[in-house]
Amino acid sequence: MSDKPEKFFDENGMRLDGRRVDEIRPMTVEMGVLTRADGSCYLEWGNNKVLAAVYGPRELHPRRLQRPGEALVRYRYNMAAFSVEDRIRPGPSRRSTEISKVSGEAFEPVVMKQFYPSAVIDVFAEVLQADAGTRTAAINAATLALVDAGIPMKGLVAACAVGKVDGQLVLDLNKPEDNYGDADLPIAMTEDGDITLLQMDGNLTAEEISKGIEMVREGCEQIFAIQKAALLERFGTAEEEEILEDAELQAELMSEEEEVSEAAEEEDAVEESEDLEAAETEDPEDVEVEEAEAMFEEDVTEFEVNEGECEEAAAEVNEEDIASEPEGEESTEEEGEKYEQ
Ligand code: CDP
């Protein structure tokens, strides 16, 4: 075991690993990592590395363990022999048996066991590398493994510990804080904020416990967000991703369009003001001349149109006359010209 640090906070009040008192360690999760399990999740939280696997629901043997109206949820927490500094003796211990029991119970209110009477759902949590907070890390991984297995649940479960070092409450204890601190309070809760696991090691006042629970609530909010992001990555359909991408694209286009229309409006405003300026500076006599020229042009085109209409009418009359002419009489070109006049 590493030696006790001289102090747990630096001159700025930051913890030895650089965190604030209310900050959790960085967490990454990956779902569906085991092909033979029905559901699985690998989770790293600080230096903790945990693998959770779910098998079931499946038939429970021996039959005497079956529950007529619901499934039996079995939770087994285990630390790999190589997960800590001193090798752990393989097999169940008092500690792992206790953690398995309370961790399984942390899922009681959310797993919808009534859908699988007489069946068993096995949850295995294997700690591959331990660095304080392994039971909470295992619960966070097991939640996602249960979802990955398709077990119907009312919601997720998140877990995080709060503790006390040098008289100060700190969220998500690291190894030195856990080993040499004054208290360790691991808590699990549902998304509704109902506490499903609460254990305590050390001494805390009632006030410290209340404040600690509030700190854990904040921490669990962050963990729920991480879990939900992992679920979207695992189960989010291409359609959902497309919708998200479309929405982003739409937003981009809208902002571009807004920019373009704003620029166009500005341009129009500039043009208008230029026209106004030009109109103000124009000589009124020039304007009159221009107007007169425009009217003249209009008259000329009107005249051309009238002339065309006259020609068409004359051609029609000519054709009618030719058709109605008595046989033997032929019209001359002069007569045609007469009609046109
Ligand atoms: O891991 P968690 O905080 O849930 O449980 P703990 O009993 O408070 O143990 C704290 C830490 O002590 C573990 O995470 C391990 O790093 C370490 N430990 C150990 O080195 N050897 C053990 N047999 C048990 C725990």
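Ligands are counted one by one from 1 in listed order, and the atoms in each one are counted from 1 as well. This chain uses plain numbering: 1 for the first residue, then up along the sequence.
Salt-bridge check for Glu105 with Lys101: passed, with a basic side-chain N closer than 4.0 Å to an acidic carboxylate O. Under a 4.0 Å N-O distance rule, the pair Arg76/Glu126 qualifies as a salt bridge.
Crowding of Asp10 atom CG: a count of heavy atoms from other residues, nucleotides or ligands under 6.0 Å exceeding 12. Surrounding CD of Glu207 are at most 12 heavy atoms belonging to other residues, nucleotides or ligands under 6.0 Å away.
In this structure, ligand 1 sits under 4.0 Å from heavy atoms belonging to Met79, Val84, Ile88, Arg95, Ala130, Asp131, Ala132, Gly133, Thr134, Arg135, Lys175, Asp178, Asp184.
Counting only residues at least two apart or on different chains, the salt bridge (Lys or Arg N to Asp or Glu O under 4.0 Å) pairs with a member in residues 150-170 are Lys164-Glu208.
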Item to complete: Mind running side-chain hydrogen bond (donor to acceptor under 3.5 Å, both in side chains) on Asp131 and Asn48 for me, showing each step along the way?
Response: CA-CA 5 Å; Asp131 200 57; Asn48 287 307; 5.7 Å; no
